[in-house]
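Everything numeric here is computed off the predicted structure, so don't read it as measured data.
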Amino acid sequence: MQDILEKWIIEADFNRMQTAMESGNTTSENLINVYLERIQRYSVLNTIIEINPDAFDIARALDKERAFMGSRGPLHGIPLLLKDNIDTDDNMHTSAGALALADSFAVEDSWVAVQLRSAGAVLLGKANMTEWANFMSSTMWAGYSSRGGLTLNPYGPGEFFVGGSSSGSAAAIAANLAAAAIGTETTGSIICPASQNFIVGLKPTVGLISRAGVIPISNSQDTPGTMTRTVEDAAILLGVMTGIDERDPSTFKSVNRSYKDYTQFLDRSFLKKARIGIPRFYYQNLDPERLAIMESAIALLKKEGATVVDPVSLSCELVNWSFDVKRYEFKKYVNDYLAKLPASVPVHTLSELIAFNHNHADVALKYGQSRLIWCDETSGSLTEPEYLESKRKNEEYSRAQGIDAVLEQHGLDALLLPGNYDGTDIAGRAGYPLITVPAGYASVGSTTSEGWITKGPFGIVFSGTAYSEPILIKLAYAYEQATKHRIPPA
């Protein structure tokens, strides 16, 4: 029976799991058991940094609740993973992959955890990640953390690039080690690993989902997001997590611009009336096979009836961007987060974190901490002229003179971008949404500076303006249903 359930669970979506639990063919407890066995079997991937010791108890309680009171909805009893920078007030730690926080328990649930628990999800564990969301060192390998080791891509373990920083979240869902995961993105940290691991990644507008209880990099750019195997599951998860949270003032901007049910936008026929722009500037670094995948996607969009405007140009393409917003905001907001941790945690400021790493260099500094030191050189007050000018520049050139301008100029619904870092930076600076969908598999690829081969899975990305998630979901769903490119790793 266990073997049958494991075969059945491969690529199962939320609806399929709910149907099986409602009919009595399986239970949440059974799902937990199968996923934990798979996590153990494929532990070489290093996707999971910690398992929730209460997972079975929670699942049993939810099974009883279903039997006596009915289901709470599409997430009732569904096992999910959280990236290790998302607070949970339970018996799991929240460490951002850092040894300095290896024994840190959050003092309260993050907004994300509260919403998921209320919807009946089982928080199965924490996913490994690039330490400090890849803002610790300029030489750190994607997917590596001092606490969790190196996450590997299940399509080519030890060979293919896994992407970061939501590496464990992406690889675990690709390998069917949980039903779905929550990642976070500042610039590319959901979209890039989702693309590299052949899953659907949705990075929402900043402010659509509260960041309260998420270890920060940049208040201007950070957001939680969804990592799933289907667009429909992404739409379900997104709706569960939206809402107004007084702990995160950015959420007040989403009043009358968010939805609790994004499944209403799963429109298979939307491409017939869609207008999509092709910003060729962001295609120039693609190797031949990945460029061919993008050209094939463009041809499919046309075949499905979309109007494709090719090429389009953004006036900000040649802007000399800086990283000052992330640099200055990191110290301010990390200090705020660390200051609230219990006295038992050994670090409560960025300076103390740097000192802790220095004193434990043999295990904590495999790749150094150049970015932490760079950030600590700022005042942490967000008053420096360099910061204020960089923030103004980011907002003006990425929004009004960037994404918004090109969409308005050509009457576009969205832009089509490749699923690598090149296409995610401008949306990150703008705080605008992105969604990536599996698009093809490259048999030959280039080699990164870290030595990874970038061949393998590759996704396309739809980019839009603020709160355009409904349109992006329509586009992604229509493309997904027309192609069905997603395949699990062997």
Side-chain angles (χ1 to χ4, degrees), residues 1-2 4-6 8-9 11-39 48 50-83 86-92 94 105-106 108-127 172-173 176-182 209-210 212-213 224 226-230 232-245 259-264:
M1 180 64 182
Q2 190 76 0
I4 294 174
L5 182 56
E6 180 169 0
W8 169 86
I9 210 172
E11 300 296 283
D13 60 16
F14 295 163
N15 287 335
R16 187 176 177 188
M17 292 182 190
Q18 288 300 334
T19 299
M21 288 188 283
E22 282 292 308
S23 64
N25 288 328
T26 192
T27 63
S28 179
E29 182 179 359
N30 287 341
L31 296 180
I32 297 294
N33 193 51
V34 171
Y35 278 134
L36 289 181
E37 286 189 6
R38 289 183 60 80
I39 289 169
I48 316 297
E50 188 166 358
I51 294 295
N52 186 352
D54 302 322
F56 277 116
D57 290 339
I58 295 169
R60 292 185 192 109
L62 287 164
D63 285 335
K64 290 180 180 178
E65 181 181 322
R66 182 190 297 273
F68 289 102
M69 302 175 63
S71 172
R72 298 188 194 184
L75 290 187
H76 190 113
I78 300 294
L80 304 178
L81 296 170
L82 299 181
K83 189 176 178 180
I86 301 175
D87 283 349
T88 53
D89 182 15
D90 52 22
N91 290 314
M92 290 189 289
T94 306
F105 290 102
E108 61 180 340
D109 265 344
S110 61
W111 166 271
V112 166
V114 169
Q115 303 309 305
L116 295 175
R117 291 190 206 273
S118 297
V122 181
L123 304 186
L124 180 60
K126 295 289 182 75
I173 302 315
N176 285 276
L177 306 186
I182 307 301
I209 301 174
S210 170
T226 67
M227 308 189 80
T228 61
R229 289 182 289 270
T230 69
E232 182 174 9
D233 284 356
I236 291 170
L237 265 183
L238 180 64
V240 165
M241 294 188 292
T242 60
I244 308 303
D245 181 9
Y259 300 84
K260 296 307 293 182
D261 179 13
Y262 283 88
T263 63
Q264 63 184 296

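- By the 4.5 Å heavy-atom criterion applied to side chains, V114 and D245 are not counted as neighbours.
- The salt bridge (charged side-chain N to carboxylate O under 4.0 Å, His left out) contacts involving residues 114-124 comprise D90-R117, D109-R117, where partners must be two or more places apart or lie in separate chains.
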- Task: Show the numbers, then the answer: is there a side chain to side chain donor-acceptor pair (under 3.5 Å) between T228 and D233?
- Result: CA-CA 6 Å; T228 61; D233 284 356; 5.7 Å; no
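- T242 has its side chain out of reach of Y259: every pair of non-hydrogen atoms, C-beta onward, lies at least 4.5 Å apart.
- Taking S110 as the reference, nothing meets the side-chain hydrogen bond (donor to acceptor under 3.5 Å, both in side chains) condition, with sequence neighbours excluded.
- Legend: residues meeting side-chain hydrogen bond (donor to acceptor under 3.5 Å, both in side chains) with E50, ordered by chain and number and at least two apart, are H93, R147.
- For R72, the salt bridge (charged side-chain N to carboxylate O under 4.0 Å, His left out) partners are E65, not counting sequence neighbours.
- Annotation: side chain of F14 is not in contact with side chain of T230 (no heavy-atom distance under 4.5 Å).
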- M21 and L31: side chain to side chain contact (heavy atoms under 4.5 Å, CB included), yes or no, with the steps? CA-CA 10 Å; M21 288 188 283; L31 296 180; 4.0 Å; yes
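- Counting heavy atoms from C-beta on, the side chains of D13 and R229 never come closer than 4.5 Å.
- Remark: N91 pairs with D54 by the side-chain hydrogen bond (donor to acceptor under 3.5 Å, both in side chains) rule, at least two apart or across chains.
- Considering only heavy atoms from C-beta on, N25 stays 4.5 Å or farther from T19 through its side chain.
- Contact check for L116 versus L82: side-chain heavy atoms found under the 4.5 Å cut-off.
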- Message: If you apply the rule side chain to side chain contact (heavy atoms under 4.5 Å, CB included), what do you find for N33 with E29, and how did you get there?
- Response: CA-CA 6 Å; N33 193 51; E29 182 179 359; 5.8 Å; no
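- Screening residues 17-28 for salt bridge (charged side-chain N to carboxylate O under 4.0 Å, His left out) gives E22-R66 as the qualifying pairs, with residues at least two apart or on separate chains.
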